[in-house]
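Scroll down for the structure; my scribbles are underneath it.
Chain naming here is simple, since letters A, B, ... match the order of the sequence lines and numbering starts at 1 in each.
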2 protein chains.
Amino acid sequence: MKVAKFGGTSLANAEQIKKVCKIVQADPQRRLIVVSAPGKRFKEDEKVTDLLIGYADRYLQTGEGPSEKRAIFSRYREIVLGLQLPAEVGDQVEAELEAVLSNQQGLSAERFMDAVKAAGEDTCAKIVAHYLRHLGEEARYVSPLEAGLFVTDEAGNAHVLPEAYEQLATLRDWSGITVFPGFFGYTKAGELVTFSRGGSDITGSILAAAVKADVYENFTDVDSVYVVNPNLIKNPVEVKEITYREMRELSYSGFGVFHEEALIPAYQADIPVCIKNTNNPSAPGTMIVSEPPASTKRVSGIASDSGFCSIYVSKYLMNKEIGFGRKLLQILEEEGLSYEHTPSGIDNISVILRERDLTQDKEQRIVERIRRELAVDDVAVTHGLALVMIVGEGMRQSVGTTARAATALAAAKINLEMINQGSSEVSMMFGVKAEEAERAVIALYQEFFGCEEELSAQAAQVASTTV
Amino acid sequence: MKVAKFGGTSLANAEQIKKVCKIVQADPQRRLIVVSAPGKRFKEDEKVTDLLIGYADRYLQTGEGPSEKRAIFSRYREIVLGLQLPAEVGDQVEAELEAVLSNQQGLSAERFMDAVKAAGEDTCAKIVAHYLRHLGEEARYVSPLEAGLFVTDEAGNAHVLPEAYEQLATLRDWSGITVFPGFFGYTKAGELVTFSRGGSDITGSILAAAVKADVYENFTDVDSVYVVNPNLIKNPVEVKEITYREMRELSYSGFGVFHEEALIPAYQADIPVCIKNTNNPSAPGTMIVSEPPASTKRVSGIASDSGFCSIYVSKYLMNKEIGFGRKLLQILEEEGLSYEHTPSGIDNISVILRERDLTQDKEQRIVERIRRELAVDDVAVTHGLALVMIVGEGMRQSVGTTARAATALAAAKINLEMINQGSSEVSMMFGVKAEEAERAVIALYQEFFGCEEELSAQAAQVASTTV
């Protein structure tokens with residue numbers, strides 16, 4: 001069986017929900033459906049989740065929020081009308097939503113907030129189930145409480161409990177289509193708690209792992225993942241297949257397709273993930289898998305992220321001092337800083353950090369501590385760095401990937417501030433000045449995908465001529 | 001003034017000592033002379049220091065060591081005879097040596113060992129002073145005790161005390177030539193202690209710093225430092241000038257010209273060091289300086305060292321875990337291991353260690369602890385790695401050094417297991433399989449010095465034709 005999760009734009013209005021249900025009907029394997037709350041219908045539109053948060057904030061301050069509530073109800077009413085569902089369906093759905101919104105029922109502020117936010121997905125799931133039945137399918141909505149999606153008691157940031165998987169596994173045996181609201185679960189005490197924002201991806205991944213799905217389909221609004229940010233390169237090469245590790249390395253530096261935590265349950269249960277487009281379901285999409293295909297490409301993607309800085313420390317004979325590196329990292333930890341990388345020479349080491357974490361105060365204190373406690377010769381902070389990454393399983397097997405990358409960057413006159421490549425070689429990382437990062441990505445794209453792009457452009461032309 | 005230190009081969013016999021004294025006489029600035037103990041006269045010969053250690057071992061076990069003692073006396077007698085010094089000089093030197101060797105005088109075993117070892121340099125210094133006087137120079141031997149070379153009380157591994165410098169500074173005002181035995185000093189209580197093996201380099205460096213010498217000349221048996229190991233490349237390019245930092249990076253990986261600790265006093269006092277050849281004193285030698293010359297070459301040297309291994313650790317979302325790297329290094333520290341480098345990807349990190357430190361027991365324990373305490377997805381140890389380094393101040397200013405190096409290595413079909421280059425860029429480090437290290441060094445030498453080698457060969461030909 002397949003678990004199919006549909007994102008906010010896929011459920012933004014009745015038209016989109018019709019597409020979703022057509023997709024569900026098209027494959028009898030799609031028996032477990034996870035839905036987000038309706039997203040934006042157009043660029044300036046508000047997501048239902050944002051409307052709900054605005055409402056809850058107002059309600060907690062003033063005990064009411066009539067205009068915010070009206071906006072929410074109108075979004076759902078529009079959908080129910082557009083789907084031509086019977087009036088009593090609309091009434092029932094609205095009554096249940098009203099019960100959540102208008103009654104804090106002795107809930108704490110954060111519990112109420114979670115309950116209101118979750119109503120976005122919950123209501124949507126009910127409507128989708130109604131519509132599938134309306135189309136003649138055997139379909140039912142299921143509440144995460146009934147299904148047993150148990151989570152930790154962290155408001156707005158729940159994590160699944162291990163015992164949930166056994167409960168949820170029984171969903172596999174249900175007949176027909178089950179529609180499951182994303183984004184939230186229940187504590188063992190039966191209280192509703194949501195995942196972190198974007199958490200419907202997490203729900204889908206948990207369900208896919210629990211029912212041991214053949215594939216976890218994640219429907220969004222792009223045909224596939226691209227090898228490079230489409231804002232930098234027009235019509236970039238599509239990624240057909242990518243491994244979890246590659247996806248994770250790419251998402252580190254600006255690939256925002258997927259909620260970071262969402263991959264974990266699927267990864268651990270070894271369920272392949274397929275990113276597909278609700279608006280173009282016949283496109284093959286991008287598969288995320290455990291093992292790279294035999295014919296793996298050397299390079300799967302290129303990404304970059306700015307906002308890094310480096311703390312460079314040098315000390316003569318540092319290398320002979322046991323514990324030096326550990327002491328340096330301890331200072332950072334005591335100052336509450338997490339670090340990213342630590343490239344090193346013999347008597348020097350650089351610590352790469354996210355710039356946002358290093359306030360001016362902290363910087364000064366850390367530099368002083370390093371000077372005083374570690375008796376170093378030199379310590380210097382460089383701001384405004386970017387990391388540019390080439391990601392690809394099996395780059396390791398390829399003599400010369402480094403040479404090609406470094407040559408392309410040199411030809412583009414980009415100076416390398418840092419290079420970091422561990423023995424995994426899923427990725428190769430270049431530190432460059434932030435203002436050179438875009439040029440670096442473009443140069444690397446041309447080097448590794450330039451030809452392919454031309455070929456696929458030709459293929460597209462041939463295809464369109466044939467039509 | 002200049003401090004000139006002469007190594008063991010420069011003092012191996014009377015002929016060599018004559019060369020040394022000729023060098024000293026050739027420059028009136030050479031007023032403070034540091035000598036080692038006589039070294040090997042031919043490949044199978046024994047160094048006097050080794051004879052002394054053998055003698056002391058025997059004496060401590062049996063209370064005597066007549067054959068060992070005879071060998072020592074015969075080395076010095078041969079030198080005194082060869083220098084045609086008066087018989088009473090020989091008698092006096094022998095009597096003083098005998099006094100040290102034949103009387104433990106209530107010294108502990110390790111104090112006795114240090115005293116006997118030190119007699120090698122001490123006797124040599126006395127003979128050289130005698131010979132310089134014999135040649136008509138104003139010259140005197142000085143004892144480190146009289147001069148005030150105070151050191152810590154660590155038998156066989158002394159370190160200079162800060163207060164020594166003030167005492168030793170007065171040597172600057174002495175008239176004539178002062179001959180100073182290398183390798184040992186005295187505790188504040190007046191007890192003799194030696195530096196670690198090869199420590200005459202340290203004595204020279206300390207004296208040069210104390211008297212604020214214009215240069216510290218270190219005479220050995222090679223014309224200069226070479227950009228690459230001469231055992232790998234025939235007649236490699238000579239290094240004319242190199243910085244302390246470059247020297248240190250190179251000595252990390254197989255450049256054995258100089259005692260590692262010996263550079264510190266000179267480095268801290270900013271005294272240039274000149275490596276020269278006793279057997280060819282007119283050759284300019286290699287200068288070690290603080291600041292790279294303006295016309296610095298991009299690459300100053302290429303070195304490699306094997307005997308490394310890596311511990312690869314991966315964990316999904318590791319990168320989001322504050323303190324992960326520090327905890328990993330803490331485990332190594334608790335197991336008494338010092339590490340060399342830690343290249344990292346997003347969710348993985350490799351720790352590069354010296355293989356000799358990682359016993360099978362330790363390896364097993366560390367792998368288990370990493371698995372258990374850090375709950376990682378994967379941990380793997382790879383043995384048999386070598387690090388190949390390109391060293392050069394100012395590589396940073398050169399777009400393309402990485403590209404050239406990586407391209408040369410790729411052309412030689414050498415796979416890179418690791419790359420590490422911090423923001424200092426004094427060095428660039430490539431991890432390769434140990435069996436590929438030699439080929440890697442040769443490929444890099446050809447890339448960065450190949451042309452120059454041809455040019456200098458042509459120049460040599462022109463020169464020889466002219467003669």
Side-chain angles (χ1 to χ4, degrees), chain A residues 244-245 248-249 252 260-261 263-264 267-268 310 312 314 316-317 319-323 325-326 329-330 333 338-350 382 396-397 399-400 402-403 405-407 409-411 413-429 431, chain B residues 244-245 248-249 252 260-261 263-264 267-268 310 312 314 316-317 319-323 325-326 329-330 333 336 338-350 382 396-397 399-400 402-403 405-407 409-411 413-424 426-429 431:
Chain A
Y244 294 110
R245 297 201 303 165
R248 168 82 182 115
E249 301 261 343
Y252 172 75
E260 264 192 339
E261 282 173 50
L263 275 178
I264 303 178
Y267 165 75
Q268 286 170 342
S310 82
Y312 166 79
S314 77
Y316 202 71
L317 291 185
N319 192 262
K320 303 192 92 179
E321 217 175 292
I322 291 194
R326 197 265 309 153
L329 299 184
Q330 185 112 41
E333 200 178 335
S338 111
Y339 72 95
E340 305 289 313
H341 306 284
T342 56
S344 56
I346 304 307
D347 289 336
N348 60 72
I349 183 166
S350 301
T382 307
R396 179 169 187 164
Q397 270 72 48
V399 168
T402 313
T407 304
L409 293 172
K413 300 252 183 296
I414 289 159
N415 223 330
L416 302 180
E417 305 285 319
M418 181 201 108
I419 307 175
N420 194 352
Q421 180 193 320
S423 37
S424 79
E425 280 194 47
V426 182
S427 67
M428 193 179 296
M429 191 183 302
Chain B
Y244 293 112
R245 297 202 302 166
R248 168 81 181 116
E249 302 259 343
Y252 172 75
E260 264 192 338
E261 282 173 49
L263 275 179
I264 304 177
Y267 164 76
Q268 285 171 342
S310 82
Y312 166 79
S314 76
Y316 202 73
L317 291 183
N319 193 261
K320 302 191 95 178
E321 216 175 293
I322 290 193
R326 198 263 309 150
L329 298 184
Q330 186 111 40
E333 201 179 334
S338 114
Y339 71 94
E340 306 289 315
H341 306 285
T342 54
S344 55
I346 304 308
D347 288 338
N348 62 71
I349 183 167
S350 300
T382 307
R396 179 170 188 164
Q397 271 71 47
V399 167
T402 313
T407 304
L409 293 172
K413 301 250 184 296
I414 288 158
N415 223 331
L416 301 180
E417 304 285 319
M418 181 201 108
I419 307 176
N420 193 353
Q421 181 193 321
S423 37
S424 80
V426 182
S427 67
M428 193 178 293
M429 191 182 304

About how many Å separate CZ of B/R326 and CG of A/L329, when rounded to the nearest 0.5 Å?
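The CG atom of A/L329 sits 8.5 Å away from the CZ atom of B/R326.
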Can you measure from CG (B/L409) to CG (B/L416) and round to the nearest 0.5 angstrom?
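One gets 5.5 Å once the value is rounded to the nearest 0.5 Å.
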Pick whichever of B/S314, B/S338, B/A411 has the most heavy-atom pairs under 4.5 Å with chain A.
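Between B/S314, B/S338, B/A411, the count favours B/S338.
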So which of B/Y244, B/Y267, B/Y316 has the largest heavy-atom pair count under 4.5 angstrom toward chain A?
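Heavy-atom pair counts peak at B/Y316.
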Please state whether the side chain, the backbone, both or neither of B/Q330 comes within less than 4.5 Å of a heavy atom of chain A.
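Both backbone and side chain of B/Q330 come within 4.5 Å of chain A.
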Examine whether an atom of B/I264 lies under 4.5 Å from a heavy atom of chain A, and if so say whether it belongs to the side chain, the backbone or both; otherwise answer neither.
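Answer is both: backbone and side chain atoms of B/I264 are under 4.5 Å from chain A.
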Under 3.5 Å side-chain donor-acceptor pair for B/S310 and B/S350
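Side-chain D/A pair, B/S310 to B/S350: absent.
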Do B/D347 and A/R245 have side chains that approach each other closer than 4.5 Å (heavy atoms only, starting at C-beta)?
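In short, these two side chains do not touch, never coming nearer than 4.5 Å.
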